[in-house]
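Letters A, B, ... are given to chains in the order of the sequence lines, protein chains preceding strands, and every chain is numbered from 1. Only this structure's heavy atoms are used, side chains among them; waters, hydrogens and symmetry mates stay out.
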There are 2 protein chains.
Amino acid sequence: MNEQLTKHISKFVAVGDDELVEINRFFKVVNVKKKANLLVAGDTCNQTFFVSKGLLRKFFISDKGVENTTEFALENWWITDVLSFTNRHSSEFYIQAVENAEVLSLSRENYQRLLHQHPAMEKYFRCIFEKAYGAAQMRIKYQYDFSREELYHHFRLRHPEFLQRVPQYLIASYLGFTPEYLSEIRRKSLS
Amino acid sequence: MNEQLTKHISKFVAVGDDELVEINRFFKVVNVKKKANLLVAGDTCNQTFFVSKGLLRKFFISDKGVENTTEFALENWWITDVLSFTNRHSSEFYIQAVENAEVLSLSRENYQRLLHQHPAMEKYFRCIFEKAYGAAQMRIKYQYDFSREELYHHFRLRHPEFLQRVPQYLIASYLGFTPEYLSEIRRKSLS
DNA sequence: CGGTCTCTTGACGGAGTTCAAAGCTAGTGG
DNA sequence: CCACTAGCTTTGAACTCCGTCAAGAGACCG
């Protein structure tokens, strides 16, 4: 039984200890080494992942061959390609460990069984997606509102933990610009 | 009882006619005139809206005083500022009718009562947010992948209905560039 | 130590913005 | 039903942010 996950569930719904034990059975613990992939573009995403330890990222490769990191996920975050997961079509994304990580994997079949057998989990995931949707809305807003330089400073202030744990070129890839330009911004902010 | 909404709910969950009648009682029909606001920046968003007829948009005003349209919603779409709605803090967004519209308004209190009294609606909204989150993920992906010009052509092909119903400057505002540049792109594609 | 990743620097070019002004369209009131 | 006006769209010139390319300097790992 994973403490990280049960704590997280309990933040959103009231579930007894017995039921929490039951719920845990649906998940499988997976250890991922740095740079190893949990999902590869072209495959269908058959799992959704809860990060209990470490740091993952989601990215795709553009026509020009550039990696674009659309998302980071650290402890207590969920990460998956939702569209591929729910619609069973092949994914354009990779999900990869930035650091060695431990995740709890929930397969599509178990996801559906879990929701069916434990109605409290409908509420839990409703809350999770509600939050995730809200966060995505803000992400989208920032894209309109900020210049690339402002995006960096905003990110730096709101997520200092990532600057410690993630190499610069991945930060650049996440913010949607080149490592060269990130380097230039950093130089400017020093002086 | 609103047919539009009941049909939509039935697409996601199996609910009997009697319960559908009950569910409908939680909603209030609101008619909005073109350019009228359902939400104004600074206010807390106390409702979520289901569009049964017409077309709405969500936008915010940047520091420089420019309107940025982050979302359109037409028939059968939900629209709200989720973060303001769930966390009860003031919103930075406006929600405005692009055309005369009819919406079903669900207040925060009724939303919670509805979820509590009709567990099927937990599932319904879980599905709605799952889809909305998936769509937002794709929106974010496009921002990395496409140039502004490509964004326009992609939008034009996938949402031709909007080009009919929405003035150009709002399309530009949605795609995140200036009306002048949109005009230039259109000229290029004609020749 | 040696080699491969990562970060920095600088020159140049191009996509997209800003500003200003003119043409067009559609709604409104008389 | 027409005329007027405010708002929408187009054009063009100057400018800027940021990407591309190329090359060098560190840093980390075997």
Report summary line: Among the nucleotides D:dT10, C:dG10, D:dG12, whichever has the atom closest to the side chain of A:R187 is C:dG10
Query raised in the report: Between C:dA15 atom C1' and B:L182 atom CG, what is the distance in whole Å?
Result: 15 Å
Query raised in the report: What nucleotide among C:dT8, D:dT10, D:dT9 has an atom nearest to a side-chain atom of A:R186?
Result: C:dT8
Query raised in the report: Within this structure, what is the CZ-to-C1' distance between A:F177 and C:dC7, rounded to whole angstrom?
Result: 14 Å
**Report entry** Identified salt bridge (charged side-chain N to carboxylate O under 4.0 Å, His left out) counterpart of B:E99 within the set B:K34, B:R165, B:K53
**Finding:** B:R165
Requested in this report: Rounded to the nearest angstrom, tell me the gap between atom CD in A:E149 and atom C1' in D:dT16.
Outcome: 13 Å
Query - Closest nucleotide among C:dT6, D:dC18, D:dG12 to the B:E180 side chain - result: D:dG12
**Report entry** Nucleotide D:dT11, atom P - distance to CD1 of B:I185 in whole Å
**Finding:** 13 Å
Report task. Using a 4.0 Å heavy-atom cut-off across all strands, classify A:K35 as base, sugar-phosphate, or nothing. Result -> sugar-phosphate
Report task. Counting heavy atoms from C-beta on, name the nucleotide in D:dC18, D:dT11, C:dC7 closest to the side chain of A:R148. Result -> D:dC18
Requested in this report: Identify whether the distance between the nearest side-chain nitrogen and carboxylate oxygen of B:R113 and B:E109 falls below 4.0 Å.
Outcome: no
Report task. From the options A:W78, A:F26, A:F27, A:F85, select the one residue that forms a ring-ring contact (aromatic ring centres under 6.0 Å, His included) with A:Y111. Result -> A:F85
Query - Distance in angstrom units between B:Y169 OH and D:dA6 P, rounded - result: 16 Å
Query raised in the report: Hey, would you say the B:F72 and B:F162 ring centroids sit under 6.0 Å apart?
Result: yes
Query raised in the report: In the single-linkage hydrophobic clustering (I, L, V, M, F, W, Y; side-chain heavy atoms under 4.5 Å), do A:F50 and A:W77 co-cluster?
Result: no
Requested in this report: Please tell me which of the listed nucleotides, C:dT9, D:dT10, D:dG19, lies nearest to the side chain of A:T178?
Outcome: D:dG19
Report summary line: Between NZ of B:K34 and P of C:dA26 the distance, given in whole Å, is 10 Å
Report task. Nearest whole angstrom, please: distance from the C1' of C:dC5 to the CD of A:Q168. Result -> 14 Å
**Report entry** Distance, rounded to the nearest Å, where B:Y152 contributes OH and C:dA15 contributes P
**Finding:** 18 Å
Query raised in the report: Of all the nucleotides listed (C:dC7, D:dT10, C:dA15), which has the minimum atom distance to the side chain of B:Y181?
Result: C:dA15
